[in-house]
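Below is one structure, written out as C-alpha cells; comments come after it.
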Amino acid sequence: MQHCETCGNSYDHLLEITVDGATHVFDCFECAIHALAPTCGHCKVRVIGHGVQVDQTVYCCAHCADMEERAAGVRDRV
C-alpha cells in the first residue's frame with residue numbers, strides 16, 4: 001500500500017496527481033494543496049483559485065499583487 005507524500009498516511013484510495021510529468025500521491029485534496037499549490041507572493045496563503053500572476057510570481061488576488069510595487073495595476077480575472 002502506498003503512502004501520502006504529505007502526511008505519510010497509508011490509504012487504499014490515494015489520489016494520483018501528475019504535474020510536469022511527475023506523479024504524486026496523496027490521501028486527500030488538503031495534502032495535495034499543501035504540497036502543490038503555489039504560495040501568494042504577498043500574504044503567503046496557498047493559491048487554490050485562479051489568482052493572478054506577474055512575471056513568475058503568483059498572487060491570490062489583485063489586492064495582494066497591488067501591494068507589491070512592481071505589480072501595481074493588476075486586475076482580478078472576471
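Atom set for the values below is all heavy atoms of this structure, side chains included, hydrogens, waters and symmetry mates excluded.
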Is a donor on one side and an acceptor on the other found under 3.5 Å between the side chain of R46 and the backbone of P38? no
In terms of heavy-atom contacts, C7 and D27 come closest through SG-OD2, 3.6 Å
Nearest heavy-atom pair of C64 and C40: which atoms, and what distance? CB-SG, 3.7 Å
Contact summary for V52 and C61, nearest pair of heavy atoms: CG2-O, 3.6 Å
Does some side-chain heavy atom of H24 sit less than 4.5 Å from a side-chain heavy atom of L36? yes
For the atom pair NE2 (H42) and OG1 (T57), what is the distance rounded to the nearest 0.5 Å? 13.0 Å
Please identify each residue that fulfils salt bridge (Lys or Arg N to Asp or Glu O under 4.0 Å) with D12, with sequence neighbours left out. none
Side-chain atoms of residues 13-22: list all donor-acceptor pairs with protein atoms under 3.5 Å, sequence neighbours left out, distances to 0.1 Å.
unit_1, atom_1, unit_2, atom_2, d
T18, OG1, T23, OG1, 3.0

Using only atom types and a distance under 3.5 Å, with no angle test, would you say the side chain of E5 pairs donor to acceptor with the backbone of F26? no
Quick one: does Q53's side chain have a donor or acceptor within less than 3.5 Å of a partner on D55's backbone? yes
Yes or no on side chain to side chain contact (heavy atoms under 4.5 Å, CB included) for V54 and Y59, after CA distance, side-chain angles and deciding distance? CA-CA 8 Å; V54 178; Y59 300 96; 4.0 Å; yes
Closest non-hydrogen contact found for A37 with I48 is CB-CG2, 4.2 Å
Side-chain heavy atoms nearer than 4.5 Å, only ILVMFWY residues, links allowed to pass through others: does that put Y11 and V25 together? yes
